Amino acid sequence: MMQDSFFSPDQGQDQAPHKQAKIVPVLVPLPSERPYSYLVPDGMSVQPGSVVRVPLGPRLVPGIVVDGEVDKVDPKKLKSIAEVFDCPLIHPDIIKFMLWAADYTLSPPGMVARMILRVPTAFDPEPPIAGLRYTGGEPERLTSPRARVLEHAGNGLAWTRTGLAHVAGVSATVIDGLKAQGLFEDVFIPAPPVVAPPDTNFARASLSEDQRDAADRLVEAVDAKRFSVSLIDGVTGSGKTEVYFEAVARALEQGRQVLILLPEIALTQQFLDRFHDRFGSKPAEWHSDLAPRSRERVWRQVAEGTVKIVAGARSALFLPFQDLGLIVVDEEHDPAYKQEDRVFYNARDMAVVRGHIGGFPVVLASATPSIESQVNADQGRYTRIKLYSRYADAALPTLKTIDMRRSPPPPGRFLSPALTEVMGKTIERGEQALLFLNRRGYAPLTLCRVCGHRFQCPSCSSWLVEHRFRGQLMCHQCGYHEPVPEACPECGTLDHLVACGPGVERIAEEAEALFPKARIIVLSSDMAGGVKRLRLELEAISKGEADIVIGTQLVAKGHNFPNMTLVGVVDADLGLANGDPRAAERTFQLLNQVTGRAGRTGKKSLGLLQTYQPDHPVMQAIISGDADAFYEREIEDRERNSLPPFGRLASLIISGENRVEAENHARALRRAAPHSSELSVMGPAEAPLAFVRGRYRYRLLIHGSKRADIQAYMRALLERAPKIKGNLRVQVDIDPQSFL
DNA sequence: AGCACGCCGACT
DNA sequence: GTCGGCGTGCTC
């Protein structure tokens, strides 16, 4: 009984003239494998889940009190907890989840705790606002400003001084005068909720039969109040959102909290509007772009249980819910659910685990499910719910390939006449066309016509991409850039540099030449003005303020353009050629999503794919609308090659300050790798080099069949090569279901 | 992950 | 002579 770490102040019946000092384990935001031990001062009461402030080195940091044994630490080192925050306890399920996630991702638990605690000042209650309330009585002289004040405040509700002055159209001194006469009293207005509570009956959706069945099954899952995973698989526009909203409504009716996960870019005004249309209020938002103030309030109110519904990016998974009853993962196949820094995790898989720990249902939704989820559904671990028809007036666009060998663009151009002809007609009708090309900049390769010199990045050897708008040659791997030179650095010839291949800027140039009167918008992630500007541009397009939109993959997600009746994919083959085992799957998902941007209004719409391989299974699956054969093939392929979810378990991400250092680390890692017939580590030469957050890194693959093997292997590796420890991360790349 | 301590180059 | 670069090492 004593060894368990539930500590509270002595309740009198405690014996002890010299009672033992209480020590508790506290997880602090630090990459340590174990919690640190802290003294609990007299009179302080903490228990597992308490959020505390503790001294750590020279600073004070937040921490979470956890369960379990404390380490034996040199008593001289022990410090006392500085403060217990006036904050609800972190739910035991979340602590369990945190420890599970740390173990699964092979990250220090403190780093997972850090993700939960990454809200600097939300741990104390939001201070109430000073306000005034009318207490009755008449002013000495009822002037017209005074009358106007009483008109507003007469009902006895609390007002802020400035707020009341503003609505009454008087200066604040008028209110001071009335207060001096004793007509107002000071009150404290509690901090307002960050969002209004949802009304599950606000606008019950009218669903098709198909949708009704699907919704009923999800509602059943919610009613069962136990863990389950449902995979809703339905074509773009089949109304998946309306269907899972019914499950959301039921969980809310049960009084429980709900989390809807979305890929960051899909968290648009449009999603929030749809939610509002159904529930009469907005969900609380959670994403990296959130203002710090709102962030704190959302965190706090989620912890208090007052916020019932959160729509958030992957990090919302680590919010301190009190009574979570449902998670929906929309666009579950989206690679943006993978976090690839600090703690490496896939939010979709973690959501499944969170549901398992919390004993509640998880809903995965996608028009193009991941192979992993398909296999889980095939094998009966997930329930598959299929939506076949497109909803209401939304018709699927007609999809066709343009065979670039038979209908080639003019020399030096990239748009086939077969595409530009339709573009012209579309614009003439006053409708919008979208050109999709997943390549930023003007041209992916620049070379000298005279000597053949190719511009290459000095630090990572990938081609430099010309950005004509900025006048720079840029490396998309590492961020290196230089001005576009006038002369070839190799042979010195002037004005003979030639751009090879298209990027969105070059396509925009071509479209401008073809349609000089059209209003053209280029959208790519490197656009000046950042996410805010991007959101504004997307809104503008929805309102019809552009004729032609040219964009990289960020146009594929989340946003619906009601007047978009043509989608042209400039290079549908792009992405099929690289060595990524998921290339076909990704291309299929991306093309599906981008062509789905057309035809949301019932107008006749068209998707055209420029390709040199019209017979490729991906193209066939897209234009026939029949994905089953494609999935079957991909699943067989995965199984044959022992790829996830059948085989390969993990990638090691090894990094360094520069390319040479990253390479050295990778080699050291390989040397240290224990011999094992079950497992092998790829060498740096076979691995792609990437530049992320200021560091170069290789992704090395470990092949194997059992997770326990991987873990033992990793531990052995780290013991043998302690020097590389800080540069090594593991991405576990398999569905968690088999480990639950 | 922070942050301090600590030891070598260009400046008020 | 100091300010400041970031290398190393520690935090209950």
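These numbers were taken from a predicted model, which means no experiment stands behind them. Proteins get letters first, then strands, A, B, ... in listed order; numbering begins at 1 in each.
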Length of the [atom1]-[atom2] vector between [X] and [N], whole Å:
X: A:L56; N: B:dA4; atom1: CG; atom2: P; value: 12 Å
X: A:L60; N: B:dC3; atom1: CG; atom2: P; value: 11 Å
X: A:E33; N: B:dA1; atom1: CD; atom2: C1'; value: 14 Å
X: A:L27; N: C:dC12; atom1: CG; atom2: C1'; value: 12 Å
X: A:M111; N: C:dT11; atom1: CE; atom2: P; value: 16 Å
X: A:Y36; N: B:dG2; atom1: OH; atom2: P; value: 14 Å
X: A:L30; N: B:dC3; atom1: CG; atom2: P; value: 12 Å
X: A:R59; N: C:dC12; atom1: CZ; atom2: P; value: 10 Å

Charged N to carboxylate O below 4.0 Å: is that the case for A:E304 and A:R300?
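Answer for the salt bridge query: yes.
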Would you check if A:V54 and A:Y36 make a side-chain contact, meaning some heavy-atom pair closer than 4.5 Å?
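They are not in contact (no side-chain heavy atoms under 4.5 Å apart), so the answer is no.
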Does the side chain of A:E332 reach to within under 4.5 Å of the side chain of A:S370, using non-hydrogen atoms?
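With C-beta onward as the side chain, the pair touches.
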Give one of base, sugar-phosphate or nothing for [X], where a contact means two heavy atoms less than 4.0 Å apart.
X: A:P35; value: nothing
X: A:R114; value: sugar-phosphate
X: A:P29; value: nothing

Anything under 30° is parallel, anything over 60° is perpendicular, the rest tilted; go ahead and classify A:F85 against A:F123.
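Tilted.
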